[in-house]
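Input: a single structure, listed below in structure tokens.
Because the structure is predicted, anything quoted here is derived from the model rather than measured.
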Amino acid sequence: MAASPAPAPLAPAPAPAPVSNRPTIHLTPGTALALVGGGTAVVLVVGAVLVSLLLAVAITGMSVAVTAVVLRSLVNHQKGH
């Protein structure tokens with residue numbers, strides 16, 4: 001009589017996935033629309049602030065340039081007389 005093959009060892013069962021205690025976030029269409037609208041508003045406000053800062057720097061630079069030209073003209077005019 002032939003010997004029967006030995007039964008294959010059973011693989012251990014995989015461990016269950018850990019359960020997270022954090023709540024899940026469910027986005028409804030209204031919530032998604034509110035998030036997009038809020039993000040758009042933030043981008044527009046930050047853009048407006050940056051543009052106004054750039055405009056302020058440009059105006060200041062032009063004022064300094066005009067002042068320098070006027071002072072140079074006055075100094076040159078004083079030297080001529």
Check against side chain to side chain contact (heavy atoms under 4.5 Å, CB included), L35 and L27: CA-CA 10 Å; L35 286 174; L27 285 178; 3.9 Å; yes

V43 reachable from V51 in the ILVMFWY side-chain graph, under 4.5 Å edges: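 They do not share one cluster, since no chain of ILVMFWY contacts under 4.5 Å joins V51 to V43.
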
Transitive ILVMFWY cluster of L55, excluding itself - 4.5 Å side-chain cut-off: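 Noted: L55 shares its cluster with I59.
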
Distance, nearest 0.5 Å, that separates CG of L71 from OG of S73: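 Going from the CG atom of L71 to the OG atom of S73 covers 9.5 Å.
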
Stepwise side-chain hydrogen bond (donor to acceptor under 3.5 Å, both in side chains) check, T28 with H26: CA-CA 6 Å; T28 63; H26 299 287; over 6 Å; no

